[in-house]
Amino acid sequence: MVSASVDNTTSDENARISSSKRAGIIAAVVGLVVVAFFLFIGRGIAEDAGRPLTTLSPKGGPAEEIHSLVKPVFIVAGLVFVLVQSALLFTLFRYRRHKDDADGVDEPIQRHGNNPLEWAWTIGPALLLAFLAIPNVQTIWALENDAKNADMEVEVRGQQWWWEFRYDTNNDGKPEVITAQQLVIPVGETVRVKIRSNDVIHSFWIPALNGKKDAVPGRTHRLAIQAEKPGIYEGQCTEFCGLSHGYMRMQVKALSEADYATWMANQTSAPEEPVNGTEAALGKEIYFQKCASCHQINGYDSAGGATGEDLPDPDYRGRDHPLTAGNAPNLSHMMSRQRFAGNMFDLYEPDGQPQLAIPTGTPNESKLGEWLRNPQLMKPMAADLNRGMPNLKLSEEEIRVLVAYLTQLK
Ligand code: CUA
């Protein structure tokens, strides 16, 4: 900076120089405030458990890999942001019009073109992007390898508007377990999810465990997820897929090796048979009259007859398969899940322990009843276009016995 104490400096020049200093200080202060603001926001997002859909709080290998790419890229991008904004603010303040500026006399020298500068701000960013491409491509490969070398595999199907999970544990091409809303995995193991869709494009996203991957009809996409600790990790469909896109959530429940074995043994066991003469037994009859043309309970065909097998039928279509997606959530062991209807509504009252291999607690009978009474009120679904659950116009008696039957399906 030019010294202001040179003898023959005019008072006008003095004013310009101090104005230049002031501009620099203002630019620096504004820059610091902006950086502090983003750091504050970032901390808030990462630490607030009330906002589970954050990518800034990874809980497993693949998500950690993404996060360790995000950090250096964010720092480089942040430095560029601060440099560019500081230069912009400095220029704005330093060369603003002064009160005593005379028109046509005190204008800056008008220039056009500056080759060295233009080369610099073309080549600089190009080199920076080329440099950032290296860790980017490395991370993409690492995530691909995670999916390739996974310990186990689960098929995920997006449907309007819920997620289905299929486990083929003996690799015979037929799933032994078909469940919905909640994907259960053993802790520590890398799980490859094979993502498909039965109707339109959805997108599978459990931010604590990995990035997003689209579910595209006719295609299979692979993604690795892994959870370091037991727990429940929330997710959300992130591709607009129709009326209830915002109500299309999912969860991953990570269980210890022993708990996972308990869960798996329960899923492959025969469904609970209601005792004759109870409300649940009446509910079972209503279920096979009104629900089984879309929903499946393992071990029964859609008319309520025993299939002789306790395993799900992967091609289950009910009697008249009216749905666009071709199926509705498999309801076997329904109460082993935490929520229903696109993972939106709790199956248990607040006293429940949904994190257990087989959850315990008081079934949320009023919520299930509300759903059966008119699902469209809780989740808009265009049922007239064969999408989602229609209003079956059930009587209060039918609703009561259906709830009694469904809530004993542990
Ligand atoms: Cu499925 Cu959005």
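The chain is numbered in sequence order, starting from 1. Note: hydrogens, waters and symmetry copies are ignored here, and every other heavy atom, side chains too, is used. Note that ligands are numbered from 1 as they come in the structure, with each ligand's atoms numbered from 1 the same way.
A salt bridge is defined here as a Lys NZ or Arg NE, NH1 or NH2 lying under 4.0 Å from an Asp or Glu carboxylate O, and E398 with R400 fails to meet this definition. Taking 4.0 Å as the cut-off between side-chain N and carboxylate O, R222 and E144 do not count as a salt-bridged pair.
Of the angles at atom 1 (Cu) of ligand 1, the one spanning SG of C241 and SD of M248 is 110° when given to 10°. Annotation: angle subtended at atom 2 (Cu) of ligand 1 by C237 SG and E239 O is 100°, to 10°.
Residues Q296 and D313 bring no donor and acceptor atom of their side chains to less than 3.5 Å of each other.
Nearest to atom 2 (Cu) of ligand 1, among the N, O or S atoms that H245 has, is ND1. Nearest to atom 1 (Cu) of ligand 1, among the N, O or S atoms that H202 has, is ND1.
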Salt bridge (Lys or Arg N to Asp or Glu O under 4.0 Å) between E234 and R249, intermediate numbers included
CA-CA 8 Å; E234 305 285 341; R249 299 188 189 162; over 6 Å; no
